[in-house]
2 protein chains.
Amino acid sequence: MGMELSSRQETILLAIIKTYLDTGEPVGSRTISKYTDLNLSSATIRNEMSDLEEMGYIMQPHTSAGRIPSDKGYRFYVDHLMADKEKEVDEMKEILIEKADKMEQVLKQIAKSLSVNTNYAAMISAPRYHQNKLKFIQLSRMGDDQIVAVIVVEGNIIKNEIIEVQEHLDDETLLKLNILLNTNLNGLSIEEISLATIKKMKEQAGIHSEVISDVIDAVAEAIKADEDLEIYTSGAKNIFKYPELSDNEKASEIITAFEEKKQLSDIVYETLSSQEEYNSGIQVYIGEESPVQNMRDCSVVTATYELDEGMRGTIGIIGPKRMDYDKVVKTLKSITGQLDALYKKDGKRKKKLKNEE
Amino acid sequence: MGMELSSRQETILLAIIKTYLDTGEPVGSRTISKYTDLNLSSATIRNEMSDLEEMGYIMQPHTSAGRIPSDKGYRFYVDHLMADKEKEVDEMKEILIEKADKMEQVLKQIAKSLSVNTNYAAMISAPRYHQNKLKFIQLSRMGDDQIVAVIVVEGNIIKNEIIEVQEHLDDETLLKLNILLNTNLNGLSIEEISLATIKKMKEQAGIHSEVISDVIDAVAEAIKADEDLEIYTSGAKNIFKYPELSDNEKASEIITAFEEKKQLSDIVYETLSSQEEYNSGIQVYIGEESPVQNMRDCSVVTATYELDEGMRGTIGIIGPKRMDYDKVVKTLKSITGQLDALYKKDGKRKKKLKNEE
DNA sequence: TGTTAGCACTCCACCTAAATGAGTGCTAAC
DNA sequence: GTTAGCACTCATTTAGGTGGAGTGCTAACA
């Protein structure tokens with residue numbers, strides 16, 4: 001088990017995997033015998049293959065077929081790739097991120113570019129804060145018995161809640177409440193709002209203490225609502241390009257994951273939470289390694305991007321296990337790099353946009 | 001061409017279609033001979049079938065196979081069904097719409113119920129106004145050089161825009177601008193805001209006229225942003241249950257339509273705009289009749305629902321041409337009926353919800 | 001004139017058998 | 001340690017054969 005691979009075995013394993021990535025067909029000993037410059041006969045290769053199979057790196061779909069990589073084999077390949085990667089110059093064809101007014105448009109556009117460029121399916125999650133801190137609260141009267149609460153959290157994400165009130169609040173009272181709310185709550189995250197704070201505020205609000213409760217509820221709601229994070233996808237149809245994914249049952253599962261988003265957001269959470277473990281935020285989930293069951297026949301490559309002030313989101317590529325990891329990783333790095341450059345500091349961004357105009 | 005169907009031909013045609021809906025297999029003359037109570041031999045049926053084929057209602061997948069309905073045949077069937085429908089009692093198993101705080105949740109839930117109940121794919125568009133009228137505008141200072149504009153349009157849809165300002169605006173000025181904006185713009189739709197109005201407002205704003213322009217832009221943006229309407233889907237995977245839709249190429253097209261939403265919204269627009277033509281808002285698009293090319297192998301059944309004050313949205317079921325139109329129509333009627341009852345008047349709604357609690 | 005029985009014909013779907021060929025494992029020789 | 005050779009396996013392809021469902025047509029019948 002603990003046996004290390006010999007250099008020759010490594011060469012053979014990598015050759016097998018590379019060939020399989022290309023063709024999608026099981027690869028035989030004769031192919032490898034010719035493909036590598038080891039100058040070994042197919043018989044020798046067969047012996048080595050037999051060993052590699054015993055070690056769990058490759059497997060046979062059936063007797064007397066060639067070998068295909070196992071999840072462990074892919075894992076070896078990907079790790080090997082990553083180690084190599086650092087020194088390589090990124091000569092990837094750049095995908096241009098066009099500036100757009102709305103973040104949503106940018107995200108959709110990125111997802112589309114990714115899927116078109118890679119021929120795999122792509123997803124991207126809207127950036128979000130770990131810790132949503134309140135930045136600004138504003139109550140405004142909208143009708144006789146409705147007020148609208150505008151709640152801005154860090155990163156200029158704006159939430160609204162409509163609050164029904166029984167009593168009539170005049171402008172002056174509203175102003176007082178606004179001041180009260182902002183002085184007491186600014187800079188706090190939802191966890192940090194203690195009962196004591198609420199009690200204190202209610203006392204200060206006097207006869208209007210009921211409204212305070214409603215507002216707090218609204219605030220909680222607004223911050224929590226962020227939990228089902230927005231995810232945009234593109235190129236789901238690409239999975240039909242890979243026979244190993246496009247039989248009815250598998251396709252059905254994958255499509256469902258894409259439609260319901262729930263499972264995609266599991267991937268995002270997983271990625272964001274284990275983010276520090278890997279260099280440059282790139283993570284590769286192969287088959288069963290994936291956090292979601294529906295993706296067990298796929299590989300998922302994710303990257304974390306970070307905008308201004310620690311807003312983070314996740315980009316993911318979903319494809320067959322035999323995906324072109326090399327290209328995908330390069331592409332993701334290129335994208336995150338560009339996002340970084342475009343948005344890193346709000347000030348910087350504006351400057352950059354101006355220069356381009 | 002203009003030849004009317006004889007009563008017997010009608011019976012046979014309907015029998016063919018019904019049988020095909022059930023089995024999905026081409027249906028032959030012998031089957032019909034036994035299935036109907038016409039007491040005709042298969043030979044006679046064959047003669048009639050031959051005529052029906054010539055008239056374009058049915059077709060043969062290949063020589064010496066049974067017949068399957070053509071689009072024209074389905075159309076005949078559906079129209080026939082609709083005519084019958086009115087007198088029938090709706091004994092449909094009710095799908096319960098649970099109340100929820102957020103419209104979004106209700107919509108998602110409806111889509112899900114629909115797809116699960118029918119075994120077809122379902123979509124639903126968020127309700128939206130034809131004519132978005134401004135109801136309320138509120139500017140609030142958020143930082144040194146940012147103000148947030150909260151714009152409420154009819155139906156309590158809230159939009160936000162962050163506006164960057166050069167000059168510092170104090171509270172008093174902001175209050176004045178708020179009053180100015182509300183008195184001038186309330187009740188207007190974006191088309192109704194004339195240049196004259198803007199000019200007048202700018203004059204009144206004096207040195208702060210620049211802000212007015214920005215706000216108007218924001219308003220325009222906010223109302224316009226509604227154009228790409230929100231659409232929720234569910235049960236895309238159901239298309240894999242129908243062999244005639246689940247080969248790679250067709251599935252790929254349909255899935256794309258579902259993912260990109262663009263084509264679905266075309267259906268919504270089509271439905272909403274030709275809404276008056278049909279009774280009870282139910283419309284059936286069979287194959288090529290569909291407004292979107294990707295759905296040419298499907299049938300699409302849509303229904304319009306209407307909430308409070310003329311807010312309208314569309315519900316759609318997408319399935320194979322041989323879908324159970326009867327059930328689908330009933331289901332859609334049931335859903336729209338319930339939505340109607342739940343939300344028709346805001347006041348009514350609240351009462352109802354309270355009663356249920 | 002409309003209906004029916006009968007028959008020849010077509011074509012798909014299914015099965016079988018045989019041929020193919022890529023690939024393996026093993027053994028014996030180098 | 002490497003290799004040539006050989007027997008064996010098994011998925012895939014090809015070809016041929018059969019059955020059955022269904023049609024179109026014709027001739028007979030009421």
Side-chain angles (χ1 to χ4, degrees), chain A residues 3-13 15-20 22-70 73 243-244 247, chain B residues 3-13 15-20 22-70 73 243-244 247:
Chain A
M3 187 66 180
E4 280 291 323
L5 288 179
S6 72
S7 154
R8 195 172 74 176
Q9 284 174 325
E10 224 175 78
T11 314
I12 293 173
L13 177 54
I16 292 172
I17 298 178
K18 267 191 194 131
T19 313
Y20 182 69
D22 253 21
T23 64
E25 305 268 287
V27 12
S29 51
R30 230 177 95 78
T31 315
I32 298 302
S33 163
K34 284 191 282 186
Y35 182 78
T36 61
D37 44 6
L38 288 172
N39 279 331
L40 292 175
S41 79
S42 62
T44 313
I45 302 291
R46 276 204 289 285
N47 289 332
E48 296 287 24
M49 275 175 149
S50 180
D51 292 350
L52 283 170
E53 179 161 21
E54 206 173 347
M55 288 189 266
Y57 288 100
I58 53 180
M59 51 202 262
Q60 279 180 293
H62 56 83
T63 350
S64 85
R67 305 303 212 288
I68 61 174
S70 66
E244 64 264 47
D247 69 285
Chain B
M3 187 65 181
E4 281 289 322
L5 289 180
S6 73
S7 153
R8 195 172 74 178
Q9 285 174 324
E10 224 174 78
T11 314
I12 293 173
L13 177 54
I16 292 173
I17 298 179
K18 267 191 194 132
T19 313
Y20 182 69
D22 253 22
T23 63
E25 304 269 286
V27 13
S29 53
R30 230 175 95 80
T31 315
I32 297 302
S33 163
K34 285 190 283 187
Y35 183 79
T36 61
D37 46 6
L38 288 171
N39 280 328
L40 290 175
S41 78
S42 60
T44 313
I45 303 293
R46 276 205 287 286
N47 288 332
E48 295 288 23
M49 276 176 147
S50 179
D51 290 352
L52 284 170
E53 177 160 21
E54 206 173 348
M55 288 189 266
Y57 288 100
I58 51 180
M59 51 200 264
Q60 278 179 295
H62 56 85
T63 352
S64 86
R67 306 302 214 285
I68 62 174
S70 66
E244 64 265 46
D247 69 284

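Both backbone and side-chain heavy atoms feed into the values below; hydrogens, waters and symmetry mates do not. Protein chains get the first letters and strands the later ones, always in sequence-line order, with residue 1 at the start of each.
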Q. Does any non-hydrogen side-chain atom of B/Y57 lie less than 4.5 Å from one of B/I16?
A. no
(Q) Within residues 27-44 of chain A, which residues have any heavy atom lying less than 4.0 Å from an atom of DNA chain D? (A) A/N39, A/L40, A/S41, A/A43, A/T44
Q: Could you tell me which non-hydrogen atom of B/G66 sits nearest to which non-hydrogen atom of B/P61, and how far apart they are?
A: O-CD, 3.3 Å
Q. When you measure from every atom of DNA chain D, which of residues 58-67 of chain B have a heavy atom less than 4.0 Å away?
A. B/Q60, B/S64, B/A65, B/G66, B/R67
**Q.** Stems formed with participation of DNA chain C [Watson-Crick or G-U wobble, under 3.5 Å, three or more pairs]
**A.** C:1-30 with D:1-30
Q. Can you list every pair that meets side chain to side chain donor-acceptor pair (under 3.5 Å) and has a residue in residues 47-56 of chain B, with sequence neighbours left out?
A. B/R8-B/E48, B/Q9-B/E48, B/E53-B/R67
Q.
Let me confirm one number: the CD1-OG1 distance from A/I68 to A/T19, rounded to the nearest 0.5 Å.
A. 13.5 Å
Q. Rounding to a whole Å, what distance do you find between B/N47:CG and C/dT4:P?
A. 10 Å
Q) Among A/I12, A/L52, A/I17, whose side-chain contact (heavy atoms from CB on, under 4.5 Å) with A/I58 holds? A) A/L52
Table please: side-chain donor-acceptor pairs of residues 25-35 of chain A below 3.5 Å, with sequence neighbours left out.
residue	atom	partner	partner atom	Å
A/S29	OG	A/R46	NH1	3.3
A/S33	OG	A/L40	O	2.8

Q. Between which nucleotides of DNA chain D, 5' to 3', does chain A make heavy-atom contacts below 4.0 Å?
A. D/dT2 to D/dA11
